[in-house]
Structure formats: C-alpha cells, structure tokens
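Notes to accompany the following structure.
When a ligand or atom number is given, it counts from 1 through the structure's own listing order. Please read all numbers here as calculations on a predicted model, not as lab measurements.
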Amino acid sequence: MAEFSKAGASTEPGSIESRSHQAFSRGQVVFPDGTTRVTVERDPIPRYISHGEGAYLIDVDGRRFLDLNGNFTTLIHGHAFPPVVEAVTRQIRSGACFANPTEQEIELAELLCGRVPRLEQVRFVSTGTEAVMFAIKAARAFTGRSAIAKFEGAYHGAYDWVEVSQAASPQNWGAADKPSSVAHYRGMPQAVLDETVVLPFNDAETTVRRVEEKASSLAAVIVDPMPSRAGLLSPKAEFIDALHTVCRANGILVIADEVLNFRQGFAGASQRYGLEPDLRAIGKIIGGGLPIGAVGGRAEVMAVFDAGTGRPLVPQGGTFSANPISIAAGLAAMRALDEQAFEYLETLGERLRDRINASISKHDAPFCVMGAASLLRIHPKKTAPETYRQAYLSPGESEIMAALGRHFTRNGILFPRAAASCLSTPMECADIDFVADVFEDFLAAGDLPQSASR
Ligand SMILES: Cc1ncc(COP(=O)(O)O)c(C=O)c1O
C-alpha cells in the first residue's frame, strides 16, 4: 500500500520550494519546453523522479506513488526488478556493445519465436518506432507498393506515415466514412499525406471500402489490435475478420503493432484477438526497461532483410540494434514472464476493472473503463467508445480527467490521464484495492464538473 511522506504542500511540484520546481527551472534553460519528451505530464509542471522501487516511484521531494504508468506500459515487472538488475550488471561488466552479434540475441529471438504463432523470424532494433518503420519498409519491398493504411487516432511512434491523423480533431478529421489524412506537424510532406489512407477502427464496412478503393497502391494496413491512444478500444471480431479478408484478397500485408499490447498475454495481443498478421512490431516489455524494438513475421517476408548474398531489399542496421544490455535485460524480464505471470496480471486487471465498474454503477457515474489483461483506461463517458471519434474528449471531459488525475496524485497514485494505465507483477491485491478505493472516493465526493456527459 502507498505510504507517502508527511511533507506539506511545499513539496508539490507547483510550489517554488519544491525540488521539482527547481529542476524544471534548470530544464527550461536547456530544453525547448523544459523537458525532452512531449508525453511528459505537467500539472502545472512535471514531477521529477528520484528512483523507483518495485511498483512504486519516489519523487525528488520524497513523495511515494504507486506507478500506473510504468514508463508508458514498459515496466511489466515494475522498477529495479532484481533479475534485470543482475543481468544488466553482469553484461555491462563484460562490455556494453560490440559490432559483432552475440549468442544472447539468438536466445531472445528464440524465446519470442517459440511463443508467438507466425513469428518465424525477427530483427532487433532500439525502439518501437524503428520496429514499425522497418515493418512498413519490409511490406513495401515485399509488395513493390508504397502506400499504407492506418487507423485514425492510432499511435505507432514517430515515423511520418504512421503519424498521419494520430491526433486528428473534429476541426480537421473530415467525414466519418472518409476520414481525412491530417498532417501531424507543420511541413509534413504532402506526399506522405497522399500515400497514407486513414481508416475508422471497428468500422468494417468503411474499412473494406477504403482499402478496396486504394488496393493497388497499398503495401500494408497497420493495426494495433487494441489502440491505446485512440481509447484502448476493444476490437470487434467481425472487424478483424473483414480486415483479414480484404487484405488477403488484394495482396496487402497486415502489420500488427504490438509495441504496447504485447503485454496482453504469453503470445501477445494478436493471438488474443484472432488477428493473424504477416508482420509484427513489438517493443517495450521485451527490453526489460531498456530501449528495444523488434520487427518480425513470416520468414518469406522477413527475407527482404537478408543480406547474406548481397545488398538486401531493405538494408537494416543500427549502431545500437540488438545491443547486449537491452538484450540481457529483455531476456531476464521475458524469462520471468511465464504463463503464470500473465495469469496473475490478468487476475489483477479483472479485479481492478470489476471494482471500478462496480463504483460506476453504484453512483450511476458518467464513466466507463476499457482494457484487457494488465491494461486499463478510464473514460469520462457513460457509453464505452468503439471508435477514436467516440473516445475523443470534449474540453469539459478533459477537465474531468484532469480532476480525476489530481485526485489520484493527491492520494499517492500516478495515473496517466490520456494514456493506458498498466499493472505490474510486483503489485498485490492490496494495491489494486487501493486504486479502486481512491476511485470510489472520487465518485462518492460527487463534485464532477457539470460538463460530464451522460
Ligand atoms: C502502439 C505503439 N507503437 C509504437 C510505439 C513507439 O515505440 P517507441 O516509443 O519505443 O519508439 C509506441 C510507444 O508508445 C506504441 O504505444
């Protein structure tokens, strides 16, 4: 359970006496907005962290929090997991990185390919973004086509094509049955927008029609089986079926982005939802908390990376690809994630979602909870969203999420407001009940902003 210091308001990040405030003042001099990631939450300024211990984080002012962020769902074993600490320490004593391959990279690849159906071969890279990028390049090389299709609001990292419509809004997203390709940053090349077809998640009819219209130019459709930024939306079985059918009929590859959702089970998320991708991008948990990504899939497609007999169709290198420290950490983390560990996380996740749902029903509150396995996301909406547009927050709903986030923080829980929350193996039922009790208190207080939707 959370215990946090009795330090007074002066240790809150907003207070000028706090160490977070002092750090932020320094950061603002050397970083454009004081930090180095757009995703850092600030309310009003970021909370700086001193260290992590299992399921908990301790900030620079000595406050202790249950961590439901886990570095954006990476830390499935929490912080400073002893087997990872030992593996990394051992590896760094033997050298940090080499230009030659290591036996351990084969071991991690064997572990992944041994668990996941249709994952016949992999290549390691350093981030999920790179894994997505190389999956798309592989699909292009395999099909000889250049365009891709992606789902509105889905986050796949920072490769231009997948950034299209990542944050589309009612002002620019266009008709529901013909979503616009929305630039993600000023100056995004028109060619990128022209070569990216945007599809509505869970809308089988529109997806099939849009894919058929552009079929001859499409190399791949990239899909996250439960897109988290778009709302942690549950995929409908008929939508997954329709996607397969239209892609197969038109020689278009299916790329599953499981960078985040690989944590949904021993064999990942596609397996759970009946998606049979040609290629997968994975990352986060497979690096045990160190930077990693992997692109993998059918050997016939992965052959585009084959440099054994000359220049491959897709050259893929990377100074830090398959770096021994990430591989060592990943092996330690993944070995500890046996089927029992996933079952344990599943039980914790169900317990938390059930308790949150019970509170929502008890208070007839304008909320719903989405997610599966060790992931969840609370929406300030009475009806569970099925699409990005339904999950999109009005300004009033954003205020409600800000109020909920502050309530969690005040009570010693770091809760991501605009992303998925995640659980980790060091958590116990008492931690889950603590989160559920804090949510119940929020609803019981009953002072929701008036704009809450019903
Ligand atoms: C679904 C998905 N794809 C790709 C990425 C990009 O991964 P990375 O941040 O390691 O580049 C992320 C990161 O959050 C993600 O959630």
No-hydrogen, no-angle side-chain donor-acceptor test under 3.5 Å, Asp257 and Tyr155 =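 Looking only at side-chain atoms, Tyr155 and Asp257 do not form any donor-acceptor pair under 3.5 Å.
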Excluding sequence neighbours, so at least two apart, what forms side-chain contact (heavy atoms from CB on, under 4.5 Å) with Arg145?
-> Thr143, Ala219, Ile252
State, with a plain yes or no, whether a side-chain heavy atom of Arg118 is found less than 4.5 Å away from one of Ser270.
->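 Heavy-atom side-chain distance check fails, nothing below 4.5 Å.
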Can you name the residues that come within less than 4.0 Å of ligand 1, going by heavy atoms only?
->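 Contacts of ligand 1 under 4.0 Å: Thr127, Gly128, Thr129, Tyr155, His156, Gly157, Asp224, Asp257, Val259, Leu260, Lys284.
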Determine, step by step, whether Arg140 and Glu195 satisfy the salt bridge (Lys or Arg N to Asp or Glu O under 4.0 Å) criterion, reporting the C-alpha distance in whole Å, the side-chain angles of both residues, the deciding distance to 0.1 Å, and the verdict.
-> CA-CA 12 Å; Arg140 287 179 178 145; Glu195 295 250 293; 5.8 Å; no
Set of residues satisfying side chain to side chain donor-acceptor pair (under 3.5 Å) with respect to Thr206, sequence neighbours excluded |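 If we apply the side chain to side chain donor-acceptor pair (under 3.5 Å) test to Thr206, skipping adjacent residues, the hits are Asp203.
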Side chain to side chain donor-acceptor pair (under 3.5 Å) partners for Ser326, two or more places apart = Asn323
